[in-house]
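Below you'll find the structure, written out as structure tokens, and then a few comments.
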Amino acid sequence: MITVNPDACEMAIPDGIFRLEDYTSSKARWCSGCGAHSILHAVKQLCNEQQLPPEKTVFVSGIGCSGRFPHYMKTYGFHGLHGRAFPVASGVKFRRPDLHVFVITGDGDCCSIGAGHWVHAIRYNMKMVALLFDNSIYGLTKKQTSPTSPMGTVTNTHPTGSVLPPINPIQSTLGLPNVSFVAQTVDWKPAHLQATIQKAYAHPGLAFVRIVQRCPVFMHDNYEPTVKDPDAITVLDHEKGIKLSEKELAKFRHVIDHDPSDIVKAREVAELVKKTLPIGLFYQNKEAIRYDEYGAHNMGISIPDRMKAIDHLMDRYAV
């Protein structure tokens, strides 16, 4: 008879190794079935795999259902004003380049009141990951038309159906100067969601990821056909893009080869949304100028030298 010592089967985890629960704060209070739960889990997985120190990681959000995200991560967080996630995150990264910065924003927060900041954040191209939670509705304020709501969507602000064509966040971002990373994924394909966030984190500049997200309360009919129809999604595949295992890739009927270094082609592929939902890496340029690298040139200045520089500047205005 063989006896097994239970203690011999245990593996001690060294100090300094972060577990998944080390990134978990309070219980998420989003509605049951909300796609944000999937995104939260994927981000925690990324933090765990990359062993990001919680005290060196920052999540900045604006207002909306997505704005609750920093409350659910046991890291530093800043729940900012409506549309102001990007400037706050940019300020953090500019003076603390040692921190891992994530921007959490929604379709209203980013594409409406925060649209001006969205434009310039892309242009500044600071090293951070920007996740756009796009459920095509103002969910927190109970069903108003958002900039990405499809035409004809019945909402409290358009009871007979929205009348304007929606913004295409991918196409819009690809048209901005100094853009360096644009990708799209969906909350109900966990393997692709995880691979996309990993690819975004590894990018040296600002990685903009639009996540098509389900809202089970106010937009429950919007993406259900896409979820159920295997023909509704087209995967962008390339050796430079977001790689899936052969098993995962085989789950999709439509796969096209797309080189993410070709921005002209990326803009063409972004228009596929009129016929199908393209997911994958549209564009990446690792050589784009980064404003945080420019701002870091004086990070090593001592306090006495800073005071000397300030006094020198103020002396210019002495009367």
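Taking the centre and axis of the six-membered ring of F181, the NZ or CZ atom of K199 falls outside the cone set by 45° and 6.0 Å. The cationic atom of K56 (NZ for Lys, CZ for Arg) does not lie both less than 6.0 Å from the six-membered ring centre of Y76 and within 45° of the ring axis.
The neighbour count for L20 CG, taken as heavy atoms of other residues, nucleotides or ligands under 6.0 Å away, is above 12. No more than 12 heavy atoms of other residues, nucleotides or ligands sit less than 6.0 Å from atom CD1 of I289.
The closest side-chain donor-acceptor pair between T157 and T145 falls under 3.5 angstrom. For the 3.5 Å distance criterion, the side chains of S180 and K286 fail to qualify, holding no donor opposite an acceptor. T155 and T153 are not linked by any side-chain donor-acceptor pair at a separation below 3.5 angstrom, with hydrogens and angles left out of the test. T141 and Q144 form a side-chain donor-acceptor contact under 3.5 Å, judged by distance and modelled atom types alone. For the residue pair E271 / Q171, a side-chain donor-acceptor distance below 3.5 Å is found, with atom types taken as modelled.
Aromatic ring pairs are classed by plane angle as parallel below 30°, tilted from 30° to 60° and perpendicular above 60°; the pair Y72 and W30 is perpendicular.
The minimum heavy-atom distance between P54 and D22, with the atom names listed, is CG-O, 4.1 Å.
Counting heavy atoms from C-beta on, the side chains of V154 and T160 never come closer than 4.5 Å. By the 4.5 Å heavy-atom criterion applied to side chains, Y223 and V186 are not counted as neighbours. Between I310 and M314 there is a side-chain heavy-atom pair separated by less than 4.5 Å. Using a 4.5 Å heavy-atom cutoff, the side chains of F59 and V43 are in contact.
To the nearest 0.5 angstrom, T148 atom OG1 is 7.0 Å from N135 atom CG.
With salt bridges taken as basic N to acidic carboxylate O contacts below 4.0 Å, none links R84 and D109.
Pairs passing the side chain to side chain donor-acceptor pair (under 3.5 Å) check and including a residue from residues 307-319, sequence neighbours excluded, do not occur.
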